[in-house]
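Comments concern the structure below.
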Amino acid sequence: MPGAVTQDLVTTAAENTTSLVQSVDWLAIAPPVVVAAMALIVLVTDLFLPEHRKPLLGALTIGGLVAALALLVPLRAGDRSTFCLNEAATGSGAAGACSYTADHFALVIQALVLGGALLTALLSFGDTRKLPAGEFWFLLLSSASGAALLPAARDLATLVVALEVASLPAFALVGIKRGDRRSSEAALKFFLSSVVATAVMLLGVSFVYATTGTLHLTEIASRLDDVPGQLDTLAKAGVVLTLVGFAFKTAAAPFHFWVPDTYIGAPLPIAAYLSVVGKAVGFSGLILVTVIAFPAYADVWGPALAVLAALTMTVGNVAALRQNAGRARSAVRLLAWSSVGQAGYLLVPIAAAAYSSDEHIGSTVAYALMYAVVNLGAFAVAALVARTSPGNRLTDYRGLYATRPLAALAMAFFLLCLAGLPPGIIGLFAKVTVFSAAVDAGLGWLAVVMAVNVVIALYYYLRWTATLFRAPGGAPAEAVREETPAEGAVPAPTRHAVPASLTTAIALTAVAGVVLSGAPQTVLRFAAVNLF
């Protein structure tokens, strides 16, 4: 009898051990793993490179991001999962709740964040002379690896870890300009606001775990459908606190106060990175917890997100409208407030998903793709202007068409896309899609608020666009271009050489914007997601 009992215990232990051993789908997790591995390679390589060979680190960074983007192609079917309960994931799917899922939603967001990181690297390449190159590229890759991991996360632990891996290096990137008081202040504000957001989010996650006893999003959804009455308040508190944490990350009002100072103090490429990749991370996490984990409490987060959307777009656009064109760094400050307003538009389809189905989530993804392309392009032109006008005032863009006509035309196109006006058809298409999501969900009041805010935004976008084509003395820009300097006149300032990588970034975003404006339905088709 003792021998039989021993044999049963051994058999049970073996079965339990087998259930814990998983076959990892390395292809599914390859994109974030490659970026993380490249970060370590850059960090080690930096130790052995002489100062004049430091640009090689930038080339390694760009190569690693391109390789990670290429690894998304074999995953385009979007049906791979790994780190699953009960049964290990196979190459073509998984049984049970999984912690990592490379579905269509995850792949689209990964393409967005890796593409955004690549364009950030192009903006930074050749312009890190005053920055510690090794640390800069390592931190950028580390943040990008967390950003690529987050949309595929399907449990709250992985979600929080990925969010912090994306955020922690960003603190250092914002304050990487040594000796710059403004940069240090921006990093401190960013750090404090993010720490508060993380603490609130972790408290919410702990409440949700206490209510459901699980961290997997799909398991949470099924258990929240039947919460005991005595735990209902705890569950609602967990949902609300988790949403507040993500509201900080997405810069939704009134949790947006860190955005303007952070963008102004950070290096310009990092401000561009935060405005696109940082937002993509926050919004993808918000989509995952609301649509997948908390559908049972849609009556709680739906109205809350609708109010946040209306407040965010109003605060952002009104603040952008009040910017002083002659103030130092007013161009970056306007883009910062504009990004807050755009965050309000991005929240609308998520709020609409609470009232209908998750098909409206595709509108948020489509809008995020449009916003990423044109906003990165606007920051690229801003980086170009900053090379000759470090103050980066809106007045510094006056007459840009006279000196750099192609850059001026590109900037005008980006601003018109953000405004939603032709020829920026992709911007108009994205706004109409978001507007339709609000109307279809019965949120007519939110659609009206959005329409009013679009009109407000038209003023400051068009004012900036008009500035590009004005001559410094008030004459038509074309006349200034053709004017021959008189004898004895003061010669025009010498044009500074522009790095090829910066020109490439402007060209890539402009071409992408033009192509998408020619076939805007492609974006919606590509961004169509179904999270169930």
Side-chain angles (χ1 to χ4, degrees), residues 105 108-109 112-113 116 147 150-151 163 243-256 259 272-291 301-302 304-317 320 335-355 358-376 378 417-420 426-441 443 446-447 449-451 453-454 456-457 523-524 526-529 531:
F105 171 80
V108 171
I109 301 298
L112 192 159
V113 300
L150 189 139
L163 190 62
L243 293 183
V244 169
F246 278 105
F248 272 96
K249 302 294 184 180
T250 58
F255 313 106
H256 66 287
V259 173
Y273 178 83
L274 292 176
S275 72
V276 171
V277 177
K279 272 190 172 44
V281 167
F283 277 101
S284 57
L286 186 62
I287 290 170
L288 290 175
V289 296
T290 53
V291 177
W301 56 262
L305 290 182
V307 172
L308 281 180
L311 184 61
T312 302
M313 65 178 73
T314 303
V315 169
N317 286 317
L335 286 173
W337 283 114
S338 166
S339 73
V340 174
Q342 299 287 345
Y345 304 145
L346 287 163
L347 283 170
V348 172
I350 306 177
Y355 296 89
D358 71 323
E359 63 182 12
H360 295 306
I361 296 303
S363 300
T364 288
V365 177
Y367 198 100
L369 289 171
M370 179 282 299
Y371 171 75
V373 171
V374 298
N375 207 60
L376 283 169
C417 283
L418 289 171
I426 184 60
L428 175 62
F429 181 80
K431 280 185 169 57
V432 170
T433 303
V434 170
F435 188 85
S436 300
V439 173
D440 293 344
L443 297 172
L446 185 56
V449 173
M450 179 181 173
N453 275 277
V454 169
I456 294 173
V523 177
L524 193 59
F526 178 71
V529 295
L531 295 175

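Keep in mind it's a predicted model, so treat the numbers as computed, not measured. By convention here, the first residue in the shown sequence is residue 1.
- What you find for Met370 and Cys417 is that their closest heavy atoms are SD-O, 4.3 Å.
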Identify each donor-acceptor pair in which a side-chain atom of residues 344-352 lies under 3.5 Å from a protein atom, sequence neighbours left out, and give them as a table.
residue	atom	partner	partner atom	Å
Tyr345	OH	Asn317	ND2	3.2

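- Taking the side chain to side chain contact (heavy atoms under 4.5 Å, CB included) definition, one finds that Leu428 meets it with Val432, sequence neighbours left out.
- A pairwise comparison of heavy atoms in Gly302 and Tyr355 identifies C-OH, 3.8 Å as the closest pair.
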- Task: Report the C-alpha distance between Ile426 and Leu369 in whole Å, list the side-chain angles of each, state the deciding distance to 0.1 Å, and finish with yes or no for side-chain contact (heavy atoms from CB on, under 4.5 Å).
- Result: CA-CA 10 Å; Ile426 184 60; Leu369 289 171; over 6 Å; no
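- Among pairs with a residue in residues 245-254, those fulfilling salt bridge (charged side-chain N to carboxylate O under 4.0 Å, His left out) read Glu164-Lys249, at least two apart in sequence or across chains.
- Minimum heavy-atom separation, Val434 to Ser363: CG2-O, 4.3 Å.
- A donor-acceptor pair is defined here as one N or O able to donate and one able to accept, closer than 3.5 Å; such a pair exists between the side chain of Ser275 and the backbone of Ala272.
- A donor-acceptor pair is defined here as one N or O able to donate and one able to accept, closer than 3.5 Å; such a pair exists between the side chain of Thr250 and the backbone of Ala247.
- Between the CG atom in Leu443 and the CE atom in Met450 there is a gap of 12.5 Å [rounded to 0.5 Å].
- Between Val276 and Ala372, the shortest heavy-atom contact is CG1-CB, 3.4 Å.
- Distance alone, capped at 3.5 Å, places no donor-acceptor pair between the Ser284 side chain and the Pro151 backbone.
- Pairing each heavy atom of Thr312 with each of Ala253, the nearest pair is OG1-N, 2.9 Å.
- Between Tyr367 and Thr433 there is no side-chain heavy-atom pair separated by less than 4.5 Å.
- For the pair Trp301 and Thr290, the tightest heavy-atom approach, listed with the atom from each and the gap, is CZ2-O, 3.4 Å.
- In this structure Phe435 satisfies the ring-ring contact (aromatic ring centres under 6.0 Å, His included) test with no other residue, sequence neighbours excluded.
- With a 4.5 Å cut-off on side-chain heavy atoms, Leu286 and Leu305 count as touching.
- Trp337 pairs by the ring-ring contact (aromatic ring centres under 6.0 Å, His included) definition with His256, not counting sequence neighbours.
- With rounding to the nearest 0.5 Å, the separation of CD1 in Ile361 from CD1 in Ile287 is 4.5 Å.
- Side-chain contact between Phe283 and Val365: absent, with no pair of heavy atoms (C-beta onward) separated by less than 4.5 Å.
- With sequence neighbours excluded, the residues that form a side chain to side chain contact (heavy atoms under 4.5 Å, CB included) with Ser339 are Val259, Tyr263, Lys279, Tyr371.
- Between Met313 and Gln342 there is no side-chain heavy-atom pair separated by less than 4.5 Å.
- A distance of 8.0 Å separates CG of Leu418 from CG of Leu335, quoted to the nearest 0.5 Å.
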